[in-house]
Amino acid sequence: MLVYPSSMDLSSHTLRYLSRQLAVRHREIGTRWRRLPAGRQALLALAHLRCGDTYAQLAAGFGIGIATAFRYIREAIEVLAALAPTLAQAMTTIREKAFVILDGTLLPIDRIAADTPYYSGKHKRHGMNVQVLTDPFGRLLWASPALPGSTHDLTAARQHGIVEALAGAGLKCWADKAYQGAGGTIRVPFRGRRLKRWKRRHNSSHAKIRCLGEQAMATLKGWRLLRKIRCSTNRITDIVKAVLVLHHASS
């Protein structure tokens with residue numbers, strides 16, 4: 001296999017952050033020797049998450065075995081996922097915002113047609129449902145654990161406790177029509193074709209605010225691994241958490 005130098009659109013601060021976390025992990029488990037030091041292992045994991053490179057490609061580039069590449073990447077993801085805030089912890093920061101934007105996204109996965117629970121009728125493809133909270137400027141604040149793609153956005157929001165958490169904090173939230181009936185402090189646009197003029201104006205202003213949440217979706221999809229996930233669905237939540245931690249570390 002041919003090997004060539006490449007680059008990633010990430011700062012050296014992100015690499016140093018992950019390197020420090022891995023170094024702490026190595027000391028905790030008493031690692032004496034590894035094929036790759038913490039800095040190189042961090043670079044390996046970032047290349048997988050940011051560029052979506054396969055284990056075979058990364059193993060050739062770093063001069064290690066495929067199984068070793070898999071173990072090192074999985075360890076890095078687990079270390080990062082453990083640092084991700086829960087919704088209750090994230091609410092400490094979210095309460096300081098004037099309002100938040102709630103939206104759901106489908107992370108595509110590699111599954112066959114028989115995997116019905118993962119098939120989204122809305123998107124016409126298999127995937128995992130992830131709920132995202134952003135600030136008024138579209139910056140990513142929190143991402144939920146992943147649920148099967150067939151899960152409705154409102155059901156997912158209730159299952160994660162997002163509706164109750166926002167209502168308890170008395171924080172206004174803008175969301176799309178998928179969250180109709182959520183109640184609490186969640187505001188949604190009016191539904192229907194023949195709406196009165198004031199309702200159309202309301203929907204127009206609502207859309208201008210809510211569209212800022214698409215920036216957070218672009219932030220997630222900027223990590224190319226999340227554009228087409230081919231690992232076990234049990235690992236996707238940890239991957240999303242790892243990306244969230246790296247995003248906050250770099251911002």
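Positions are given from 1, in the same order as the sequence printed here.
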Return yes if some donor-acceptor pair links the side-chain N/O of [X] with the main-chain N/O of [Y] below 3.5 Å, else return no.
X      : Y      : answer
Asp103 : Gly213 : no
Thr185 : Leu171 : yes
Thr237 : Ala146 : yes
Gln57  : Thr54  : yes
Arg158 : Val163 : no
Lys124 : Gly121 : yes
Ser19  : Leu15  : yes
Gln131 : Ser144 : no

Give me the ring orientation class for Tyr55 and His48: parallel if the planes are under 30° apart, tilted from 30 to 60°, perpendicular past 60°.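 Tyr55 vs His48 ring planes: parallel.
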Taking the six-membered ring for Trp, are Phe190 and Trp198 parallel (under 30°), tilted (30 to 60°) or perpendicular (over 60°)?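 If you compare the ring of Phe190 with that of Trp198, the planes turn out perpendicular.
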If you measure from [atom1] on [X] to [atom2] on [Y], what distance do you get to the nearest 0.5 Å?
X      : Y      : atom1 : atom2 : answer
His126 : Thr233 : NE2   : OG1   : 11.5 Å
Arg35  : Arg40  : CZ    : CZ    : 11.5 Å
Leu102 : Cys173 : CG    : SG    : 4.5 Å
Lys177 : Asp153 : NZ    : CG    : 14.5 Å
Arg50  : Leu225 : CZ    : CG    : 12.0 Å
His206 : Cys211 : NE2   : SG    : 11.0 Å

Do [X] and [Y] have side-chain heavy atoms sitting under 4.5 Å apart?
X      : Y      : value
Ile236 : Cys231 : yes
Arg125 : Leu106 : yes
Phe99  : Arg187 : no
Leu22  : Tyr72  : no
Leu226 : Val130 : no
Leu147 : His160 : yes
Val240 : Leu107 : yes
Pro148 : Tyr118 : yes

Joint cluster assignment, [X] & [Y], ILVMFWY side-chain distance < 4.5 Å:
X      : Y      : result
Leu18  : Leu83  : yes
Leu220 : Ile77  : yes
Val188 : Leu166 : yes
Ile94  : Leu140 : no
Met128 : Leu49  : yes

Do Ile162 and Trp142 pass the side-chain contact (heavy atoms from CB on, under 4.5 Å) test, and can you show the C-alpha distance, the side-chain angles, and the key distance before you say yes or no? CA-CA 11 Å; Ile162 299 173; Trp142 180 79; 3.7 Å; yes
Tell me whether Lys221 at atom NZ has more than 12 heavy atoms from other residues, nucleotides or ligands lying less than 6.0 Å away.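 Yes, the 6.0 Å shell around NZ holds more than 12 heavy atoms from other groups.
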For side-chain contact (heavy atoms from CB on, under 4.5 Å), just list the numbers for His247 and Thr219, CA-CA rounded to whole Å, side-chain angles, deciding distance to a tenth of an Å, and then say yes or no. CA-CA 8 Å; His247 170 68; Thr219 297; 3.4 Å; yes
Check this for me, if you would: do Arg71 and Glu75 make a salt bridge, where the nitrogen-to-carboxylate-oxygen distance has to be below 4.0 angstrom?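 Looking at Arg71 and Glu75, the cut-off is not met.
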Before you tell me yes or no, could you show the steps for Val245 and Tyr17 under side-chain contact (heavy atoms from CB on, under 4.5 Å), namely the whole-Å CA-CA distance, both residues' side-chain angles and the distance that decides it to 0.1 Å? CA-CA 10 Å; Val245 171; Tyr17 174 81; 3.6 Å; yes
Contact summary for [X] and [Y], nearest pair of heavy atoms:
X      : Y      : value
Met91  : Ala169 : CE-CB, 3.6 Å
Ile29  : Arg34  : CD1-NH2, 3.5 Å
Gly149 : Ser120 : O-CB, 3.5 Å
Leu154 : Ala182 : CD1-CB, 3.5 Å
Arg227 : Gly222 : NH2-CA, 4.1 Å
Asp176 : Arg210 : N-CD, 3.3 Å

Can Lys97 and Leu141 be said to form a side-chain contact (heavy atoms from CB on, under 4.5 Å), step by step? CA-CA 10 Å; Lys97 308 298 179 181; Leu141 296 174; 4.2 Å; yes
